[in-house]
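Everything numeric in this text was worked out from a predicted model, so none of it was measured.
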Protein chains: 2
Amino acid sequence: MNTDEFEISKKNNKFGYSSLIRMQGIPILFKNLGYTLTKPREAILKVLYESKKPLTAEQIKSKLSKIDKATIYRTLEYFTEFRLILKIDLRGDSFFYEMNDAHHHHIVCRKCRIIEEIEYCELPNPMIYSKKFSFINEHSLEFYGKCKNCV
Amino acid sequence: MNTDEFEISKKNNKFGYSSLIRMQGIPILFKNLGYTLTKPREAILKVLYESKKPLTAEQIKSKLSKIDKATIYRTLEYFTEFRLILKIDLRGDSFFYEMNDAHHHHIVCRKCRIIEEIEYCELPNPMIYSKKFSFINEHSLEFYGKCKNCV
DNA sequence: TCGTAATTGCAACTTAGTCGCATTTAGAAT
DNA sequence: ATTCTAAATGCGACTAAGTTGCAATTACGA
């Protein structure tokens, strides 16, 4: 992963994807930002945009049978660097991906793996103090327990 | 993973491993709790206990060349269920493991992957409100940024 | 010391994810 | 509109983390 590009894309991504969609100007915006929106990329983005919960690469692939596995993974990596989507770890066998719009976290049931989104977040990254780090601009926070179905 | 055993072991594990070590009574304690401390298990626990930072299964294996890979993984899973150690994800290629003593979190450099431990934590699990969950008793919280070496 | 259940070592396997390369496509130039 | 080129895709082979089945070994109570 190119870390420079990572920083740049993070800075550029001041509008969430939902705004991009509404603006109907995705290809132009992509172009202005120096990115290319191909058909596979648009299809993958649409799946994530329409999903109400985080999806694994495999789940995305199963909805887009014509798109190759390698393309799925490369595209997810691309969008993650771009900061358009988030790659999250919920202690499963693979990573999950979701649109990067409103900041939120998750509760995961240790038994059935059901995922609930929660808005709770009172963590201001910059307030964390560290001598070794020059900046901290990201965090992951996930909760684990048992859902009511699994008691 | 047997979730019943998970709950039981969590409840029993009221003393950290540091206390166990000091008490010099590990095998007896293990036995009383219904667990067996074999030589491979003790060796793996010792490596984790003496390490100042979280280790991957591969890193542990490299320090214990006689112990088989499968045993390493099975033992780490065993101790994790037992709640004697923690399995943590720092967005690398594999999981990290560390002793489950004082509750703390990590800062990870996105470039060089250096890990710093931080004590900062003001997250009371039970206060998180959810209609779908009956209890939430665990969370993971990791911070990401760039360390001073990587600017 | 013996017997049995649990643990280990080994090797084969699974699966998420990656990589190299030939083919195709997007978009700029003509 | 057509051509050109760099970038993206598809394909298949590969990697590496982690798992599994099973025979050999070990822990530990009787």
query = How close or far is atom P of D:dG10 from atom CD1 of A:Ile72, stated in whole angstroms?
reply = 9 Å
message = Just verifying a value: how many Å separate A:Phe133 CZ and B:Asn149 CG, rounded to the nearest 0.5 Å?
response = 10.0 Å
query = Does the pair A:His139 and A:His105 meet the rule for a ring pair (Phe, Tyr, Trp, His ring centres under 6.0 Å), with working shown?
reply = CA-CA 10 Å; A:His139 66 257; A:His105 299 287; 5.3 Å; yes
query = Can you tell me how far the CD atom of A:Gln59 sits from the OG atom of A:Ser51, to the nearest 0.5 Å?
reply = 8.0 Å
Could I get a table of every N or O pair under 3.5 Å where one atom is in the protein and the other is in nucleotides 3-5 of chain D?
none

Do any N or O atoms of the protein come closer than 3.5 Å to N or O atoms of nucleotides 16-23 of chain C, and which pairs are they?
from, atom 1, to, atom 2, distance (Å)
C:dG17, OP1, A:Phe95, N, 3.4
C:dG17, OP2, A:Tyr73, OH, 3.0
C:dG17, N7, A:Lys69, NZ, 3.4
C:dG17, O6, A:Lys69, NZ, 2.8

query = Between B:Phe96 and B:Leu55, is there a shared hydrophobic cluster once you connect ILVMFWY residues whose side-chain heavy atoms come closer than 4.5 Å?
reply = no
message = Tell me whether the NZ or CZ atom of B:Lys87 lies within the 45° cone about the ring axis of B:Phe95 and under 6.0 Å from its centre.
response = yes
ask   = For C:dA6, does OP1 or OP2 lie under 4.0 Å from any side-chain N or O of B:Thr38?
value = no
request  = Consider only side-chain N and O atoms of A:Ser140 and B:Glu142, and report whether a donor and an acceptor are under 3.5 Å apart.
outcome  = no
request  = Take atom CZ of B:Arg41 and atom P of D:dA27, then tell me their distance rounded to the nearest Å.
outcome  = 11 Å
NZ/A:Lys148: more than 12 non-hydrogen atoms of other groups inside 6.0 Å = yes
inquiry  = Tell me whether B:Glu42 is salt-bridged to B:Lys46, with the criterion being a basic N under 4.0 Å from an acidic carboxylate O.
reply    = no
request  = Can you tell me the distance, in whole Å, between the OH atom of A:Tyr78 and the P atom of D:dA7?
outcome  = 11 Å
ask   = Would B:Asn100 and B:Phe79 count as a side chain to side chain contact (heavy atoms under 4.5 Å, CB included) if you check the C-alpha gap in whole Å, the side-chain angles of each, and the deciding distance to 0.1 Å?
value = CA-CA 10 Å; B:Asn100 181 15; B:Phe79 285 151; over 6 Å; no
ask   = For DNA chain D, which residues in residues 59-67 of chain A have a heavy atom at a distance below 4.0 Å?
value = A:Lys66, A:Ile67
task = Run the salt-bridge test on A:Arg91 and B:Glu138 with the 4.0 Å N-O cut-off and return the result as yes or no.
result = yes
note = In whole angstroms, the gap separating C1' of C:dT25 from CD of A:Glu42 amounts to 15 Å
request  = Taking the side chain as every heavy atom from C-beta outward, state whether A:Leu84 and A:Leu48 have any pair of such atoms under 4.5 Å apart.
outcome  = no
